[in-house]
Amino acid sequence: MVLLTCAGLGAQAPKSAPPKSAPPRKAPAATKADPAEFDRLVEAATEARRAENWDEAIALYQKAVKLKPTYVEGYWYQGTSYYTLEKFTECQQQFRTVTKLAPKNGAAYAFLGLCEFGLKDYDRSLQHLLQSRMLGVGDTPDLGSVARYHAGVLMTRIEQYEQALETLGEFASEGDDNPRIIEAMGIATLRMPMLPIEVPADRRERVLMAGRASYMMATRNTAAAEKAFEALVSRYPEAPNVHYANGVFLLQEQPDKAIEEFKRELDVQPGHPWSLMQIGFEYLKRGDGAAALPWAQQAVAAAPSAFPAHKALGQALLETGDVDGAIKELLVGIKLAPESPGLHFQLARAYQRSGKLDEATRERNEFTRLDRLARTQRSGAQSVGGR
């Protein structure tokens, strides 16, 4: 099990050494500097770093990169040393240089994102942590795990709950039930837009119960997940998003009970848009557009900027014969989420039915392109209405 010793709490970065990771390998450029002096500096810096004399190591690497400005490892080890010392501004500066010299090195972007997390520059942090995930961090699993954890909690902070649970759920597939992961999953499950350090003390038990339930769901231990969600609902029947979370769990095998849970969530939170959407999509799944329509209409009214709501309403209108209305709603959805394959697919259907064949072909082609990209990613366990 990978312990998140480097994840810290909330916006705090690690006080322990950073994850083990090798710098990008790139031969230093030729220089007129004395090679013997350069080698001496690198050897002394290496000894200082291994002895954890971080300030001395930084000073020596600074001298080395002055002799050879393209010596990537020199910037890298300055960055990791600053990271260990919690000097995040200096850490950020060094890893910005590393990413310029080695732009395909995912581990460098991971460290850059972690430095920015320490600076509370959360938008840039998430951007670079996600970039590191796309590029990969090579044979540095500890670093990859820390970057994944931070990406997950930052997704929750900006209300990307499904993506957060998908990301954090990867720990479950590895059997990693670290308490920090359980906590992070619970925050996302209860749809609380905050970092772990910001969770009020009186909600901690609820968060941990929700996290354990979602963790069991992610491991596909259905029996354990069912008991965990039942315990959560029994303990906190009036808490926001508890019934919703249980409803999402029940959707696959007990959809009727899921609908009832979504309705209970609406009693707790009238106009809860995600419960309205889930009910609408469940009726669409059953081929009952008429039943889906009023729920989808309420969802759009409750959350006009949520693309899944427009997708649900567009599908319901299409299934009930209002083709023009369907096209209008689906176009609104695409304006909100142009990279959603599902919206383009439904719009292609609507154009086909309206006789606009050229537009239908264009949308089918766009769906195919986007779907190919989307299939490289796993769908979130709590995704609403597909991609």
Side-chain angles (χ1 to χ4, degrees), residues 1-21 110-111 113-114 117-118 122 125-126 129-130 132-133 136-137 140-201 203-222 224-229 231-232 236 241-242 245-246 248-249 377-383:
M1 180 179 69
V2 176
L3 295 176
L4 297 179
T5 54
C6 292
L9 294 174
Q12 297 300 315
K15 294 184 179 180
S16 57
K20 294 180 180 179
S21 178
F111 267 116
L114 292 172
F117 191 99
Y122 297 130
S125 176
L126 181 57
L129 291 171
L130 293 177
S132 78
R133 284 171 59 78
V137 295
T140 54
D142 285 6
L143 177 60
S145 293
V146 174
R148 182 198 310 165
Y149 170 83
H150 282 75
V153 300
L154 288 178
M155 290 174 187
T156 298
R157 178 180 173 272
I158 60 173
E159 302 184 35
Q160 293 182 356
Y161 304 114
E162 290 79 22
Q163 295 92 325
L165 285 167
E166 177 183 352
T167 300
L168 295 166
E170 294 175 18
F171 288 106
S173 66
E174 298 167 357
D176 188 345
D177 61 351
N178 184 280
R180 295 299 180 204
I181 296 166
I182 299 298
E183 178 186 43
M185 292 187 75
I187 297 168
T189 300
L190 295 177
R191 307 177 80 83
M192 299 164 60
M194 59 183 65
L195 297 171
I197 199 173
E198 299 168 339
V199 175
R203 297 190 201 175
R204 180 167 174 75
E205 180 187 6
R206 189 191 318 169
V207 163
L208 293 177
M209 288 183 71
R212 282 191 285 271
S214 282
Y215 182 88
M216 293 301 176
M217 181 177 172
T219 63
R220 303 185 187 280
N221 188 338
T222 303
E226 184 172 12
K227 290 181 180 179
F229 276 113
L232 177 66
Y236 298 103
N241 296 306
V242 166
N246 189 36
V248 170
F249 166 70
Q377 305 172 359
R378 293 186 304 161
S379 296
Q382 295 196 5
S383 61

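For Ala218, the side-chain contact (heavy atoms from CB on, under 4.5 Å) partners are Ala172, Met185, not counting sequence neighbours. Annotation: ring-ring contact (aromatic ring centres under 6.0 Å, His included) contacts of Phe249 (sequence neighbours excluded): Phe229. Applying the side chain to side chain donor-acceptor pair (under 3.5 Å) criterion to Arg220, with sequence neighbours excluded, gives no partner residue. Judged as a side-chain contact (heavy atoms from CB on, under 4.5 Å), and not counting sequence neighbours, the contacts of Ala147 are Ala110, Leu129, Ser132. Not a single salt bridge (charged side-chain N to carboxylate O under 4.0 Å, His left out) links Glu159 to another residue, sequence neighbours left out. With sequence neighbours left out, the side-chain contact (heavy atoms from CB on, under 4.5 Å) criterion links Ala231 to Met209. Contacts of Asn246 classified as side chain to side chain donor-acceptor pair (under 3.5 Å), with partners at least two apart in sequence or in another chain: Glu261.
Checking side-chain atoms of Thr156 against main-chain N and O of Ala164 turns up no donor-acceptor pair under 3.5 Å. No donor-acceptor pair under 3.5 Å is formed between the side chain of Ser214 and the backbone N or O of Gly211. Of the possible donor and acceptor atoms, one in the side chain of Asn241 sits under 3.5 Å from a partner among the backbone N and O of Leu190. Tyr161 contributes no side-chain N or O that, together with a main-chain N or O of Ala188, makes up a donor-acceptor pair within less than 3.5 Å.
The only member of Arg212, Arg203, Arg204 that meets salt bridge (charged side-chain N to carboxylate O under 4.0 Å, His left out) when paired with Glu183 is Arg204.
The shortest distance between side-chain heavy atoms of Phe111 and Leu143 falls below 4.5 Å. Contact of the Pro196 side chain with the Ile187 side chain is registered, since non-hydrogen atoms from C-beta on lie closer than 4.5 Å. The closest side-chain heavy-atom distance from Arg206 to Leu232 is below 4.5 Å. Considering only heavy atoms from C-beta on, Leu126 comes within 4.5 Å of Leu130 through its side chain. Leu165 is not listed as a side-chain neighbour of Met217, based on a closest heavy-atom distance of 4.5 Å or more.
Remark: Asp176 CG to Asn178 CG distance equals 5.5 Å, nearest 0.5 Å. In this structure, CZ in Phe117 is found 5.0 Å from CG in Leu154, a value given to the nearest 0.5 Å. Between atom CZ of residue Phe171 and atom CG of residue Leu168 there is a gap of 6.5 Å, rounded to the nearest 0.5 Å. We find the CZ-CE distance between Arg157 and Met155 to be 13.5 Å, quoted to the nearest 0.5 Å.
Considering all non-hydrogen atoms of both residues, Tyr215 and Gly175 come closest at OH-C, 3.3 Å. Tyr122 and Leu195 get closest at one heavy-atom pair: OH-CD1, 3.4 Å. Here the shortest heavy-atom pairing between Arg133 and Ala151 reads CD-CB, 4.5 Å.
Residue pairs satisfying the salt bridge (Lys or Arg N to Asp or Glu O under 4.0 Å) criterion with at least one member in residues 144-156, sequence neighbours excluded, are listed as follows: Arg148-Glu170, Arg148-Glu174.
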